[in-house]
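First the structure, in the form of structure tokens, and then the observations on it.
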2 protein chains.
Amino acid sequence: MEIGATRLRAKASWLINKTSLHAHRLVAEGLGSVDARGYHFAILAALDEYGPASQAAVSQRTGIDRSDTVAMVNELVDQRLVVRAPDPDDRRRNVITITPAGRRRLEQLETVLSEVQDELLAPLSAAERRQLVGLLARVLDHHTSQSG
Amino acid sequence: MEIGATRLRAKASWLINKTSLHAHRLVAEGLGSVDARGYHFAILAALDEYGPASQAAVSQRTGIDRSDTVAMVNELVDQRLVVRAPDPDDRRRNVITITPAGRRRLEQLETVLSEVQDELLAPLSAAERRQLVGLLARVLDHHTSQSG
DNA sequence: GGTATACCGTTGGTCAAGCCAACGTTGGCT
DNA sequence: AGCCAACGTTGGCTTGACCAACGGTATACC
């Protein structure tokens with residue numbers, strides 16, 4: 001495709017959506033090649049940074065819906081990358097803990113995703129990449145703080 | 001939600017995908033309030049800029065799948081915003097032409113979308129918005145030119 | 001102490017987007 | 001004439017994001 005339509009291209013929303021599609025596809029391909037999914041990385045990363053947490057906490061930190069978190073944690077448990085145990089202090093909760101294997105997996109996914117970022121942002125310099133990330137982060141912050 | 005996880009936030013792919021979600025929602029809400037969809041604007045804009053064209057051409061220029069284009073053109077025809085006529089020079093083709101009402105509609109949607117852009121990019125200055133649009137356009141160009 | 005209220009994990013389902021395969025029709029090429 | 005490519009159209013598939021509701025549990029308030 002040779003997308004034109006200046007009116008379309010001038011719309012940030014359109015650019016973001018289209019770019020997101022490419023990003024999404026690249027991520028899915030990259031992670032798919034090692035039998036993982038984006039959600040796996042998100043959850044492992046959250047557990048690694050914040051330590052063991054309830055599924056609700058994981059859900060909040062990753063922005064993944066509670067119901068979807070259940071399925072993802074199931075998959076991670078099956079792969080022995082995390083452990084799910086009832087919280088003795090609050091029996092409503094399950095405490096999810098990342099395992100050593102989970103940490104190794106996280107590093108593997110980190111590597112894969114770094115390569116994907118490179119591919120995605122190929123035409124941009126290092127400075128420009130930082131710019132883009134900074135701008136997007138600000139936009140995202142604005143909307144997540146006031147609405148979500 | 002109070003999304004943290006620096007590892008996640010540092011990934012451009014993640015930022016783009018999340019931001020895209022907000023953008024998509026805002027666009028859907030904005031256009032929904034005047035009973036339109038993103039695809040409508042895309043098609044009307046393409047027809048306005050390039051003149052009458054076959055559905056295949058519209059499809060290419062907007063990046064909308066051929067099969068989805070059929071449905072969208074149907075809707076636009078129902079609203080008398082475009083006309084679909086067989087091409088006498090090539091009977092495989094339908095020539096889609098925007099009507100005067102279609103142009104008025106396009107301007108209406110343009111207005112709505114401008115407001116949506118404002119809302120989406122609220123935390124950014126005008127210069128920063130141009131920066132963001134420029135960076136995204138370059139990323140998008142890179143991937144659309146080499147992969148289809 | 002008992003009741004209402006809020007939270008947690010889980011199940012099940014919805015909805016729209018983006019795709020893809022296939023078909024009949026038509027055009028172009030050789 | 002015969003083959004291949006393009007077009008419009010139908011139908012369906014997959015996935016991500018989301019929502020509603022439930023039983024079970026903790027907390028707050030009276």
Atom [atom1] of [X] to atom [atom2] of [N]: distance rounded to whole Å?
{"X": "B/Gln55", "N": "D/dC7", "atom1": "CD", "atom2": "C1'", "result": "9 Å"}
{"X": "A/His24", "N": "C/dA17", "atom1": "NE2", "atom2": "C1'", "result": "11 Å"}
{"X": "A/Ile96", "N": "C/dC8", "atom1": "CD1", "atom2": "C1'", "result": "12 Å"}
{"X": "A/His40", "N": "D/dG16", "atom1": "NE2", "atom2": "P", "result": "10 Å"}
{"X": "A/Arg91", "N": "C/dT10", "atom1": "CZ", "atom2": "P", "result": "15 Å"}
{"X": "A/Ile64", "N": "D/dA17", "atom1": "CD1", "atom2": "C1'", "result": "11 Å"}
{"X": "B/Asp90", "N": "C/dT25", "atom1": "CG", "atom2": "P", "result": "16 Å"}
{"X": "B/Glu29", "N": "D/dC18", "atom1": "CD", "atom2": "P", "result": "12 Å"}

(request) Using the closest heavy atom to pick a nucleotide of DNA chain D for each, name whichever of A/Tyr39 or B/Ala57 lands nearer the 5' end. (result) B/Ala57

(message) Which nucleotide wins on minimum distance to the side chain of B/Asn94, given the candidates D/dG8, C/dG18, C/dT10?
(response) D/dG8

(request) Taking only the side-chain nitrogens and oxygens of A/Asn17, find out if one of them lies under 4.0 Å from OP1 or OP2 of C/dA17. (result) no

(message) Looking at C/dA17, I'd like to know if its phosphate oxygens (OP1 or OP2) sit under 4.0 Å from a side-chain N or O belonging to B/Arg25.
(response) no

(request) Give a yes or no answer on whether the side chain of A/Gln55 reaches the backbone of A/Val95 with a donor-acceptor pair at less than 3.5 Å. (result) no

Salt bridge [X]-[Y], side-chain N to carboxylate O under 4.0 Å:
{"X": "B/Glu128", "Y": "A/Arg138", "value": "yes"}
{"X": "A/Arg25", "Y": "A/Glu119", "value": "no"}
{"X": "B/Glu49", "Y": "A/Arg7", "value": "no"}

(message) Can you tell me the base-pairing partner of C/dA6? Count Watson-Crick or G-U wobble geometry only, both distances below 3.5 Å, and say none if there is no partner.
(response) D/dT25

Tabulate atom names and distances for all N/O pairs under 3.5 angstrom spanning the protein and nucleotides 11-14 of chain C.
| unit_1 | atom_1 | unit_2 | atom_2 | d |
| --- | --- | --- | --- | --- |
| C/dG12 | O6 | A/Ser67 | OG | 3.4 |

(request) Output, in order, the C-alpha distance, side-chain angles, deciding distance and verdict of side chain to side chain contact (heavy atoms under 4.5 Å, CB included) for A/Phe41 and A/Arg105. (result) CA-CA 9 Å; A/Phe41 174 77; A/Arg105 178 66 155 171; over 6 Å; no

(request) May I ask you to check whether over 12 heavy atoms, not counting those of A/Arg103, lie within 6.0 Å of atom CZ? (result) yes

(request) Measure the OG1-CG distance between A/Thr19 and B/Leu136 for me, rounded to the nearest 0.5 Å. (result) 4.5 Å

(request) Calculate, to the nearest 0.5 Å, the distance between atoms OH and CG belonging to A/Tyr39 and A/Leu76 respectively. (result) 13.0 Å

(message) Test side chain to side chain contact (heavy atoms under 4.5 Å, CB included) on B/Ile96 and B/Arg84; report intermediate values, then the result.
(response) CA-CA 5 Å; B/Ile96 312 300; B/Arg84 172 157 41 195; 3.9 Å; yes

(request) Would you classify B/Thr69 as touching base, sugar-phosphate or nothing, given that sugar-phosphate means primed atoms plus P, OP1 and OP2, and contacts are heavy atoms under 4.0 Å? (result) nothing

Every protein N/O lying under 3.5 Å from an N/O of nucleotides 3-5 of chain D:
none

